[in-house]
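Below is one structure; the comments refer to it alone.
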Protein chains: 2
Amino acid sequence: MQESHTSETAQKSIEATIVSGILSAKIRPGTRLGENQLAALFGVSRTRVREAMMRLETRGIVHVSPRRGWFVVEPSAEDAIAVYEARRVVEAGLLRSMAVLTEEGCKALATHLNEERNAMAAGDRQRLTYLMGDFHIRIAELSGNTIIADILRDLTARTILISMLYQSEFHAAQSHEGHCRIFQAMQTGDFVRAAQLSVEHLDEVEMGLDLTARSDPLSDLRSSLSLPPRTASSISQQPHPKITPSKEQ
Amino acid sequence: MQESHTSETAQKSIEATIVSGILSAKIRPGTRLGENQLAALFGVSRTRVREAMMRLETRGIVHVSPRRGWFVVEPSAEDAIAVYEARRVVEAGLLRSMAVLTEEGCKALATHLNEERNAMAAGDRQRLTYLMGDFHIRIAELSGNTIIADILRDLTARTILISMLYQSEFHAAQSHEGHCRIFQAMQTGDFVRAAQLSVEHLDEVEMGLDLTARSDPLSDLRSSLSLPPRTASSISQQPHPKITPSKEQ
DNA sequence: GCTTGCTGTCTTGTATGCAAGAGAGCCACA
DNA sequence: TGTGGCTCTCTTGCATACAAGACAGCAAGC
C-alpha cells in the first residue's frame with residue numbers, strides 16, 4: 001500500500017470504486033458525489049474526478065445537475081421497467097447463445113451459489129445484495145463475452161439502485177432458488193430453458209418492486225400541469241440534500 | 001445557423017458528430033482525432049474535446065495512445081468476433097421479447113427498406129452502409145427500449161469500423177434481402193423466427209469478413225516471441241501515421 | 001405569519017498554462 | 001551506406017484559476 005502506487009491506481013479506480021460501492025449496496029441512489037470531496041478522498045485533482053464522473057455518466061450510473069453537483073442516479077419507475085426489460089433481453093439472449101457449460105464454469109457457479117447460502121445464513125444483507133447481482137454477471141463472464149459482461153455489470157448496478165428505492169422487503173431465498181433453477185438447467189445443457197427461467201426470475205424480482213411507493217408527492221400537481229413525468233433535474237428531492245458537515249478544503 | 005446556437009450545441013455534438021460520421025462510413029478506423037484539431041474545428045477548447053473523447057472511449061468508439069493521440073478504434077479480429085456475438089445476443093433477445101409490430105413500426109420499416117433499395121439503385125455506398133446499420137437500430141428504437149437502442153447503436157458503429165477493415169466486398173443485396181426476410185417474419189408476428197433470421201443474417205455478414213486479410217504482417221514474429229495477440233498500443237501501424245499538414249494553432 | 005427579494009457561499013463549467021513523453025528527422029560516425 | 005544517438009517539436013496529462021450559476025438563509029414589507 002505504497003502512497004505512490006495508490007495514487008497511480010487511483011486514476012481509473014475512482015470509477016471502479018464507485019461502481020463496486022453500488023454493486024454492494026454501500027452507496028445509495030441520490031448520494032451526492034462532490035468533486036472536491038472525491039478529489040480529497042482519492043488524493044487527486046478535480047480534473048480526474050470529473051473524468052471519472054463523465055465516464056460514469058455515459059454508463060448511466062451518475063448524472064449531473066448543473067452547478068449543483070453529481071449524484072448517483074435515482075431511476076424512475078419508468079427507468080426501472082426499462083432496465084428490467086433490457087436485462088431480460090440481454091440475459092435471455094446470452095443464455096440461448098450458450099452451447100456448453102465448461103467444467104470450470106460449473107464449479108464457479110456452484111461455489112457462487114454456496115456463497116449465497118452462506119450469506120443468507122449469516123444474514124449479511126449487503127453481501128447478499130452483491131452476490132445476487134453478481135450471479136448474473138458471472139454467467140456473462142463465463143460465456144467469455146466481455147462486451148456483454150460489461151453491459152450487464154452496468155445494468156446490474158442500476159438494478160441494485162432500483163431495488164434500494166422500490167424494494168420494500170428482500171426475498172433473498174426466492175432469488176436464490178431462482179438462481180439454483182437456472183444453474184440446474186444450465187447443467188443439463190438446456191440453455192433454452194435456462195433463458196426462460198432467467199426471464200421468469202427477473203419478472204419475479206420486478207414484481208416484488210413497489211413502483212408506486214416512492215412516486216414523488218408532487219405527482220398530482222405535476223400531472224395537472226402536464227409536466228414530464230419525472231425529469232432528471234427534478235431528482236434529488238431527497239430527504240437529506242445537505243452534505244456531511246466536513247468542510248473540505 | 002447562428003454562431004451562438006452552434007457553439008451551444010457543439011458541447012455534446014462532438015460525440016454525436018463523430019459517431020454519426022462512423023455510422024455513415026465517413027470516418028475510417030485508425031483515424032487520428034487530435035484534440036487541438038477538433039477544438040479548432042468545433043470552436044471550443046481542448047477541455048470539451050477531451051470530455052467528448054473520454055465519453056467515446058467508454059463507449060468503445062475511440063481509444064487513446066498516451067501522449068500520442070486519440071484514434072478511432074481498429075477492432076482486432078477477436079474484437080470483431082466478440083462484437084458480432086454481442087449483436088447476435090442482443091438482437092435475437094430483443095426480437096424474441098417483442099410482442100407486436102405496431103402500425104407505425106410497420107410503416108417505418110417499410111419506408112426504410114425502400115430507402116435501402118433506392119440507395120442500392122443509386123450506388124451510394126456510404127448511404128447504404130449507414131442504412132444497413134440503421135435498420136437494426138430502428139428495430140430497437142421501435143421496441144421502445146432506449147437502453148437497448150443505445151447499446152445497439154454503439155455496437156453498430158463498431159460493426160461498421162470492422163467492415164471497413166475486413167470486408168473486401170460489400171454484398172449489399174444479400175444484406176438487404178436478409179432485412180426483408182426479418183421484416184416479413186415480424187409482419188406475420190413470428191418474432192421467434194425473426195430472431196432466428198436475425199442471427200443467420202449476422203452470421204452471414206460475419207462470414208463475409210476476411211478476418212485474416214488485415215492481420216498485421218508481424219503476426220509471425222509476434223507469435224514466435226509469444227507476445228499478446230494484438231495490444232491496443234500496437235495499433236496504428238497504419239499506412240498514414242502522419243497528420244494532415246494543417247499546422248493548426 | 002407569510003411571502004418576496006437579496007446576498008453570500010458553495011458548487012460545477014471552462015479555459016489556460018505548464019510538464020512529461022513520444023517520435024520524426026538530423027547528424028556524426030563506423 | 002547503414003546505424004546509433006540526440007534534439008526538437010508536437011502531443012496529451014494534469015492542475016489550477018477564474019467565471020457563472022444555484023440555493024440557503026436572512027431581512028424587509030405586506
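We name chains A, B, ... by the order of the sequence lines, and we start the count at 1 in each one.
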Between atom [atom1] in [X] and atom [atom2] in [N], what is the gap in whole Å?
| X | N | atom1 | atom2 | result |
| --- | --- | --- | --- | --- |
| B:Phe71 | D:dT11 | CZ | P | 11 Å |
| B:Arg32 | C:dA24 | CZ | C1' | 13 Å |
| B:Leu33 | D:dC10 | CG | C1' | 17 Å |
| A:His63 | C:dT12 | NE2 | C1' | 14 Å |
| A:Phe42 | D:dC14 | CZ | P | 15 Å |
| B:Asn36 | D:dT9 | CG | P | 17 Å |
| A:Glu57 | C:dT12 | CD | P | 13 Å |
| B:Glu51 | D:dT12 | CD | P | 15 Å |

Inset, instruction - Check side-chain hydrogen bond (donor to acceptor under 3.5 Å, both in side chains) between A:Glu115 and all other residues, then give those that pass, not counting sequence neighbours. - result: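 Applying side-chain hydrogen bond (donor to acceptor under 3.5 Å, both in side chains) to A:Glu115 gives A:Arg127.
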Legend entry - For B:Thr156, side-chain hydrogen bond (donor to acceptor under 3.5 Å, both in side chains) partners two or more places apart: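 side-chain hydrogen bond (donor to acceptor under 3.5 Å, both in side chains) check on B:Thr156 returns nothing, list empty.
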Legend entry - Carboxylate-amine/guanidinium contact B:Arg88 B:Asp203, below 4.0 Å: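 Yes, this pair counts.
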Would you indicate, yes or no, if [N] has its OP1 or OP2 atom less than 4.0 angstrom from a side-chain nitrogen or oxygen of [X]?
| X | N | value |
| --- | --- | --- |
| A:Arg48 | D:dA15 | yes |
| B:Arg68 | C:dG23 | yes |
| A:Arg46 | C:dC10 | no |

Inset, instruction - Determine whether any donor atom in the side chain of A:Arg67 lies under 3.5 Å from an acceptor atom in the base of D:dA20, or the reverse, and answer yes or no. - result: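 Indeed, a donor on one side and an acceptor on the other fall under 3.5 Å apart.
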Inset, instruction - Consider the side chain of A:Thr47, meaning its heavy atoms from C-beta on, and name the nucleotide among C:dA22, D:dC23, D:dT16 that approaches it most closely. - result: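 Taking heavy atoms from C-beta onward, the closest nucleotide is D:dT16.
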Inset, instruction - Determine the interplanar angle of the A:His201 and A:His136 rings, folded into 0 to 90°, and report it as parallel if under 30°, tilted if 30 to 60°, perpendicular if over 60°. - result: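 If you compare the ring of A:His201 with that of A:His136, the planes turn out parallel.
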Legend entry - 5'-most by nearest nucleotide on DNA chain D - A:Pro66 or B:Pro66: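 Its nucleotide being nearer the 5' end, the pick is B:Pro66.
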Inset, instruction - Might you confirm whether atom OH of A:Tyr130 has over 12 heavy atoms from other residues, nucleotides or ligands at distances under 6.0 Å? - result: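 No, because the 6.0 Å sphere around OH of A:Tyr130 holds 12 heavy atoms or fewer from other groups.
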